[in-house]
Structures are given as structure tokens and as C-alpha cells.
Amino acid sequence: MKHQVPVEKGKSYEIAIRTLGTSGEGVGRYEDFTVFVPGALPGESVQAAIDEVKKTYAKGHLLKVLRASRDRVSPACPIYEQCGGCQLQHLDYMAQLKAKRQQVIDAVTRIGGQKDLFVEPTIGAESPWNYRNKMQFPIGRVKGKTVIGCFAQGSHAIIDTHDCHIQKEGNNEIVNAVREIITELRIPVYNEDRHTGVLRHVVGRVGENGELMVVIVTATKQLPREKEFVKALRKRLPHVVSIHQNIQTYRNNVIMGRETNLLWGKPTILDRIGRLTFHISPRSFFQVNTKQAEVLYNKALEFANLKGEETVIDAYCGTGTITLFLAQKAREVYGIEIVKPAILDAQKNARDNNVRNAEFIVGDATEVMPRLYKQGVRADVVVVDPPRAGCTETVLKTFANMHPDRIVYVSCNPASLARDIAILEPLGYKAEKVQPVDMFPMTSHVECCTKLVRADLLEKEKAGKAKKTEE
């Protein structure tokens with residue numbers, strides 16, 4: 001007998017919301033059928049209209065909150081409900097931290113099968129507002145006016161943004177200046193449906209002491225009225241020190257192309273994490289929340305438990321931020337990264353910070369690590385900070401084959417972290433502790449730092465403690 005779905009598209013229902021989903025949406029039940037409702041919170045009863053129906057779940061939109069959660073607050077941002085940049089401004093910040101911890105607990109228990117793994121309370125930001133040092137907003141035209149801002153949730157409609165509450169103030173200044181200049185100089189704006197026009201995106205970065213970098217992404221090789229554009233930017237933005245044009249001619253959703261031209265000023269801006277300074281170029285990867293990055297990296301350092309004699313391998317080192325942090329306490333550190341420009345940035349960052357015990361290698365970790373092992377390199381600690389998809393099983397086996405005492409796994413995706421923890425367990429590594437860090441307040445994202453220890457060392461430690469108790 002065919003199972004009857006109890007909801008219909010276009011109709012509205014009263015939904016009891018139980019939890020938050022991984023994208024910050026309310027997850028509820030109607031006659032034991034799962035319904036996702038963005039904007040709804042756990043413990044609430046809401047009226048929702050159904051937009052999409054699948055075999056095992058439906059998606060709806062919030063019409064009315066019938067019984068509100070005690071944690072519901074008024075969003076600070078006037079365009080919050082239209083904009084897709086944030087997902088949790090309607091949830092009290094302390095409740096956001098609890099929800100993010102719960103997201104990690106759910107992932108490590110359901111996906112990772114870790115019933116006894118302790119997840120620490122999420123470390124929150126001192127201030128959950130105006131923290132993003134990087135902005136990348138699309139540029140468009142709506143009813144004859146230039147608009148710059150985030151896309152609306154689930155669409156490519158640009159929501160014009162004048163004061164984004166999670167961006168550093170310098171980035172808001174860049175957006176407003178660029179909008180005015182485009183209007184004044186009448187530079188054609190890109191139309192993604194027709195693949196016509198010039199200006200696609202504006203990218204802003206705020207460095208140390210409020211220095212600004214502006215990158216204008218164009219669909220054409222030339223930027224019309226380039227000199228006037230630069231002059232107008234410098235006039236409106238007294239803190240700008242670096243202006244670039246990035247060329248992205250392809251008909252796709254990739255924000256930046258491979259070619260970047262310096263139009264005026266310095267090629268990079270400086271920022272700082274702890275005692276280390278970093279040169280940031282237009283395409284460099286750098287954590288968008290500088291203060292919370294320091295919290296995360298200090299936690300990675302704590303979990304690595306370095307005494308000064310260890311060899312450490314950082315398997316996805318990027319521009320070397322975590323690697324250089326680890327080098328402060330290790331004998332030697334190897335950073336591995338498949339993207340060559342990132343390694344060049346990492347080598348420069350090491351020189352600039354006078355770090356001499358870090359070596360950076362371009363390549364795939366699955367090939368570089370066995371080569372290092374054959375050369376006699378023995379890793380005491382392996383640190384990994386992979387993309388959202390996590391690590392492949394081959395990469396995880398490569399880590400285990402080096403027999404490090406500890407693996408420190410930094411992750412931006414609790415689901416792939418949980419899966420990889422489960423893969424590492426039969427390879428001889430047991431997850432001991434997970435620390436969530438709120439790098440992205442007001443959004444559904446959560447970063448984690450996990451300490452995994454070689455199982456035989458854990459057994460020895462337990463036996464030693466048991467012996468001491470007997471004595």
C-alpha cells in the first residue's frame with residue numbers, strides 16, 4: 001500500500017518545531033511527517049505554507065508564529081528576512097551557541113556513532129556583530145538602479161545592502177562608495193542571464209588598523225573609466241591602500257577569475273592573528289573572523305600538546321596560518337597544500353614572521369606524506385583542516401600509516417567531521433574531545449577542533465591511571 005503524504009503543496013498547516021536543521025531552518029513534524037520551515041525555532045508552534053513536497057519530507061515558509069520560543073528575538077538588521085546572508089538573527093546569541101553545540105553532538109552520535117565523545121560548549125565571540133573582514137557581493141540592476149548585496153535565500157535576486165551587520169564597517173563603506181561611483185560614472189553592470197555588461201562583483205577586505213582593499217570583478221578585460229573609478233574610490237575611502245581589477249569572463253557562478261591587475265596602491269594588506277602577521281592578496285584564503293580564528297588556532301595548539309621536540313605535518317595548510325601557529329611550539333613543521341599560489345603565500349608568511357622551522361610543499365597529501373615517511377620524517381602530530389567535504393578515506397589511511405601520536409582535525413562541517421572520525425577509529429585513532437568555536441555568528445555555520453589520540457596510547461594511559469588508583 002502506498003504511503004500517504006499528509007501535506008499538500010500550496011496549503012498551510014500548524015507545525016510543531018523540534019530542532020534546527022544544518023542550514024538554521026526549523027525542523028518540525030506534521031502527523032509524524034518532517035517539514036522544514038526557515039525562520040522557525042525549536043519549541044515553537046507555527047503556521048507554515050508548503051512550497052515543496054518529497055517522499056519523506058516537505059519544505060514550507062513561515063506564515064505566523066502561533067507559540068513563540070523564549071529564545072526568539074527581533075533581528076537587528078532591517079533586511080534580514082529578505083537577505084540570505086544570515087540565518088539566525090531571530091535567535092538569541094546564547095541560544096545560537098547551544099544550538100551549534102547540539103548540531104555537532106547530533107552529527108558525531110548519528111553519523112559518527114560516537115556515543116561517549118564529549119562535545120564542549122561552543123566558544124562564542126566577544127561581539128557577534130561586525131566581525132567579517134572579507135566581503136564579496138554581486139552587483140546588479142533593479143528597476144534602473146544599481147544594487148549591491150547578498151542574494152536572497154535560495155535565489156539570485158540581489159538584496160541591496162547599505163549596512164550589513166556582520167561585516168566590518170570598512171566593508172560597508174566600500175559597498176556604498178562603489179554603488180555611488182557606478183551610478184555616477186554609468187559603468188555597465190553585468191547581467192548574468194544575458195552574459196552582458198561589465199561589473200560582476202565587488203570584493204572588500206579590511207586589514208589591520210582598518211586598511212582597506214577593494215577588488216572590482218569584471219566580465220571584460222577592460223574596466224571602463226578605470227582612472228576615474230580609482231580616483232573616485234580614493235576620494236571616498238580615506239583608508240583604502242589597495243585597489244585591484246579581477247577578470248572573470250566565464251558564464252558561471254565562480255566569483256573570481258585567475259587574472260588580477262593592481263590598479264593602484266599596495267599589492268597586499270596586512271592582518272594579524274596572535275603574534276603572527278599575514279600579507280593578504282585578493283585571492284588569498286584568510287579566516288574571515290580574525291579574533292575567533294585566534295581562539296580556534298590556540299585550541300588546535302592545545303590539542304596538539306606540543307613540548308618543543310615534535311615533528312608536525314599540516315596536511316591542508318592553505319596559506320600557512322595554522323602551520324605557523326604550530327611552528328611556535330614544535331621542532332619542525334611541514335605544510336602540504338595542492339594549490340601552488342597558496343604555498344607561495346605560506347612561504348612568504350613564514351619569511352615575514354621569521355619562522356625558520358616550517359617547510360611548505362606543493363602537492364597532494366596522499367603522495368607527499370608517504371614520500372616524507374620514506375625520507376625518514378616521522379610525524380608526532382598530524383593537523384588537518386580540509387574543505388567542507390572532509391577527507392577521502394585514502395587521505396585518512398595515509399595519516400594513520402604515519403602512526404602519529406595525535407591527529408588534530410579542524411573542520412567547518414560537523415557531518416563530514418563525524419564521518420571521518422568513524423573512519424579513523426578502526427584505523428587506530430579514537431576521538432577524545434570536540435571543541436566547537438563560533439567563527440560565524442548569526443549564521444548556521446560552526447567550526448570544530450577535534451583531538452584524536454592513537455588507541456594504544458590511550459590504553460597505556462588508562463592502565464597507568466588504574467595502577468596509580470590501586471596503589
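Owing to the predicted nature of the structure, the values given are computational and were not obtained by experimental measurement.
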Point-to-point distance, once rounded to the nearest 0.5 Å, from [atom1] of [X] to [atom2] of [Y]:
X	Y	atom1	atom2	result
S284	K134	OG	NZ	9.0 Å
N172	N130	CG	CG	7.0 Å
L324	R275	CG	CZ	12.0 Å
L372	T398	CG	OG1	11.5 Å
E447	L417	CD	CG	10.5 Å

Inspect the contact between [Y] and [X] and indicate whether a charged nitrogen and a carboxylate oxygen are less than 4.0 angstrom apart.
X	Y	result
D405	R454	yes
D32	R29	yes
R67	E44	no
K100	D438	yes
K9	E52	no

Walk me through it: do E14 and S45 pass the test side chain to side chain donor-acceptor pair (under 3.5 Å)? CA-CA 7 Å; E14 185 175 330; S45 178; 2.9 Å; yes

Donor-acceptor pair, distance only, cut-off 3.5 Å: does the side chain of [X] make one with the backbone of [Y]?
X	Y	answer
N209	E211	no
T161	D163	no
E310	A330	no
R331	E309	yes
D71	L91	no
Y13	I50	no
E337	G318	yes
Y429	I421	no
D160	I148	yes
N349	G320	no

Side-chain atoms of residues 373-389: list all donor-acceptor pairs with protein atoms under 3.5 Å, sequence neighbours left out, distances to 0.1 Å.
from, atom 1, to, atom 2, distance (Å)
R378, NH1, Y373, O, 2.8
D380, OD2, T311, N, 2.7
R388, NH1, C412, O, 2.9

For the residue pair [X] and [Y], establish whether any side-chain heavy-atom pair is separated by less than 4.5 Å.
X	Y	value
I17	V27	no
F303	R406	no
L20	P42	yes
F118	V434	no
R132	Q167	yes
Y131	P441	yes
C150	I159	no
V175	M135	yes

Just say parallel, tilted or perpendicular for the rings of F286 and F278, cut-offs at 30° and 60°. tilted

Would F36 and Y57 count as a close aromatic pair, with their ring centres under 6.0 Å? yes

R110 atom CZ, neighbour heavy-atom count above 12 within 6.0 Å: no

If we ignore angles and hydrogens, is there a donor and acceptor under 3.5 Å between the side chains of N401 and H403? no

Filter on ring pair (Phe, Tyr, Trp, His ring centres under 6.0 Å), then keep only pairs touching residues 317-342, sequence neighbours left out; what's left? Y297-F325

Evaluate the side chain to side chain donor-acceptor pair (under 3.5 Å) criterion for residues Q103 and K98: first the C-alpha distance (whole Å), next the side-chain angles of each, then the deciding distance (0.1 Å), finally the verdict. CA-CA 9 Å; Q103 188 184 326; K98 287 176 186 172; over 6 Å; no

Test side chain to side chain donor-acceptor pair (under 3.5 Å) on K291 and N289; report intermediate values, then the result. CA-CA 6 Å; K291 283 186 177 177; N289 189 335; over 6 Å; no

